[in-house]
Amino acid sequence: MSPILRRETTLYKQILSLLVVLAVITVSGCLGLLWLRQKIELTAQATRTLEVEIAKEERRLRYIDTKIAEIHQPHYLERQIQRLGLNLRPPMADQIVYLDGYPQYQTNRPEESDAYPTEREKDPFRYSIDLAVMKSLTPVD
C-alpha cells in the first residue's frame, strides 16, 4: 500500500470513530435527559400527593378545633347537663373545693423516719429514654 492510501484509510477510520463516539455521546445524553425528566415527574407527583394529604389534614384539624370550641361553650355544657339529668351548676364566687390527694405520712417518732424515705433517687436519663420510647411507640394515624 502506498503512504497516501494509508493516510486516507487512517483518516477515514478516525472520522468514522469520531462519528461513532459522537453518536454514543448523543444517545447517552438523550437517555440521561429522558431518565432525568421521568425522575422529575415522579417527584412532582409525590409532591402533589403530599400537598393533597396536607390539605386534608389541615381541614381535619380545623374541624376538630371547631368541635372542641363548640364543646367548651357554656350553652353546650348546659344542654348536656339537662340532657343527662346531672345535678351540676356553675361555681359560686366564694366556693372553695378541696380535692383528696395522696396522704402525707407524718413521722412522730425518729425510728419511723427511716421507714418512709422522703426523697427518692431519680435518674433523669432513664425517664427521658422512657419518654422517647413511649413517643416512638404511639401510632401516627
Side-chain angles (χ1 to χ4, degrees), residues 1-108 110-141:
M1 261 171 106
S2 70
I4 294 177
L5 217 66
R6 278 191 205 152
R7 263 194 200 157
E8 281 184 13
T9 56
T10 56
L11 182 66
Y12 288 137
K13 285 181 183 178
Q14 288 176 351
I15 289 173
L16 187 61
S17 63
L18 284 175
L19 287 175
V20 169
V21 168
L22 182 65
V24 167
I25 290 174
T26 303
V27 168
S28 64
C30 290
L31 290 176
L33 185 62
L34 181 64
W35 177 79
L36 190 63
R37 284 186 178 178
Q38 285 181 342
K39 289 297 180 182
I40 289 172
E41 180 62 28
L42 288 175
T43 305
Q45 286 177 354
T47 304
R48 273 184 250 133
T49 56
L50 282 176
E51 287 174 351
V52 168
E53 287 179 17
I54 287 172
K56 285 180 183 177
E57 289 298 321
E58 286 176 350
R59 280 195 300 268
R60 200 172 300 142
L61 285 174
R62 280 196 304 268
Y63 175 75
I64 289 173
D65 286 341
T66 57
K67 283 297 181 185
I68 289 172
E70 178 185 324
I71 288 172
H72 285 93
Q73 293 293 321
H75 296 291
Y76 179 82
L77 294 174
E78 288 174 2
R79 279 184 287 164
Q80 290 297 322
I81 289 170
Q82 290 173 358
R83 183 177 69 84
L84 297 172
L86 300 174
N87 187 17
L88 297 175
R89 58 180 167 74
M92 306 301 248
D94 58 346
Q95 182 180 7
I96 298 175
V97 177
Y98 294 100
L99 300 175
D100 292 333
Y102 290 108
Q104 297 293 329
Y105 291 106
Q106 299 291 333
T107 56
N108 297 333
E111 60 270 4
E112 287 181 359
S113 63
D114 295 333
Y116 300 108
T118 57
E119 214 173 294
R120 290 186 347 191
E121 257 186 61
K122 292 184 180 178
D123 186 9
F125 183 71
R126 175 185 164 98
Y127 293 121
S128 66
I129 292 296
D130 288 344
L131 290 175
V133 169
M134 288 173 54
K135 182 70 174 172
S136 66
L137 294 178
T138 56
V140 176
D141 288 334

* Structure fact -> Heavy-atom closest pair (Leu77 atom, Ile71 atom, distance to 0.1 Å) is CD2-O, 3.5 Å
* **Student check: side-chain heavy atoms of Glu58 and Arg62 closer than 4.5 Å** => yes
* How many angstroms lie between CH2 in Trp35 and CD1 in Ile40, if you round to the nearest 0.5 Å? -> 9.5 Å
* What distance separates Thr47 OG1 from Leu42 CG, expressed to the nearest 0.5 Å? -> 10.5 Å
* Asked: Does any non-hydrogen side-chain atom of Leu18 lie less than 4.5 Å from one of Leu22?
  -> no
* Structure fact -> Rounding to 0.5 Å, atoms OG1 (Thr10) and NZ (Lys13) come to a distance of 8.0 Å
* For the pair Lys56 and Glu53, find out whether any cationic side-chain nitrogen is under 4.0 Å from an anionic carboxylate oxygen. => no
* Assess whether atom CD1 of Ile4 is packed by more than 12 heavy atoms of other residues, nucleotides or ligands within 6.0 Å. => no
* Calculate, to the nearest 0.5 Å, the distance between atoms CD and CZ belonging to Glu8 and Arg6 respectively. => 13.0 Å
* Identified side chain to side chain contact (heavy atoms under 4.5 Å, CB included) partner of Gln80 from the options Arg83, Gln82, Glu78 -> Arg83
* Neighbour count >12 (heavy atoms, 6.0 Å) for atom CZ, Arg48 -> yes
* Look up atom CG in Leu16 and atom OG1 in Thr9, then write down how far apart they are to the nearest 0.5 Å. => 12.0 Å
* What distance separates Glu70 CD from Asp65 CG, expressed to the nearest 0.5 Å? -> 12.5 Å
